[in-house]
Amino acid sequence: MSDSLVDMHVPGFGQSLDEALLIEWVAGVGDRVERGDVIAVVETDKASTEVVAERGGRVAVHSATVGTILKTGDVLYRLATD
């Protein structure tokens with residue numbers, strides 16, 4: 001059975017913040033992650049925030065590079081699930 005790819009989106013940052021700067025990928029392409037694992041670190045004008053996995057799987061693709069401004073709802077990465 002082949003893996004299914006799922007788009008994982010940039011979460012909302014609250015308090016009407018709708019964009020953030022991607023400052024670090026913690027999970028690399030090919031890494032296995034479980035729900036709650038840190039995937040990336042982003043920075044808003046208020047603070048740095050960790051983006052965590054919403055489900056388990058293998059990181060198949062990063063959809064943004066470090067230094068990119070991300071908007072809430074953008075695809076951040078693609079996850080291969082069993």
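Worth saying up front: this structure is predicted, and the values here are computed from it rather than measured.
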- Closest contact, heavy atoms only, Ala40 versus Leu22: CB-CD1, 3.8 Å
- Determine the minimum heavy-atom distance between Leu21 and Gly67, stating which atoms define it. CD1-O, 3.3 Å
- Message: Is there a continuous path of hydrophobic side-chain contacts, each under 4.5 Å between heavy atoms, that joins Val6 to Val59?
- Response: yes
- Message: Quick check: closest heavy atoms across Leu5 and Ala60, and the distance to 0.1 Å?
- Response: CD2-CB, 3.6 Å
- Task: Answer yes or no: is there a side-chain heavy-atom contact under 4.5 Å between Val51 and Val42?
- Result: yes
- Treat each ILVMFWY residue as a node, draw an edge where side-chain heavy atoms are under 4.5 Å apart, and state whether Ile39 and Ile69 are in one component. no
- Verify same cluster id: Val10, Val66 (apolar side-chain graph, 4.5 Å): yes
- Query: Can you find a pair of side-chain heavy atoms, one from Ser48 and one from Ile23, that are under 4.5 Å apart?
  - Reply: yes
- salt bridge (charged side-chain N to carboxylate O under 4.0 Å, His left out) contacts in which one or both residues fall within residues 50-63, not counting sequence neighbours: Asp3-Arg58
- Query: Is any side-chain heavy atom of Val26 closer than 4.5 Å to a side-chain heavy atom of Val41?
  - Reply: yes
- State, with a plain yes or no, whether a side-chain heavy atom of Trp25 is found less than 4.5 Å away from one of Leu76. yes
- Query: For the residue pair Ala64 and Leu70, what are the closest heavy atoms and their distance?
  - Reply: CB-CD2, 3.7 Å
- Message: Just so I know, are the side chains of Leu79 and Val33 near enough to count as touching, which here means a heavy-atom distance under 4.5 Å?
- Response: yes
- So, Ser4 side chain and Thr81 main chain: donor-acceptor pair closer than 3.5 Å or not? no
- Query: Are the side chain of His62 and the backbone N or O of Ala27 linked by a donor-acceptor pair below 3.5 Å?
  - Reply: yes
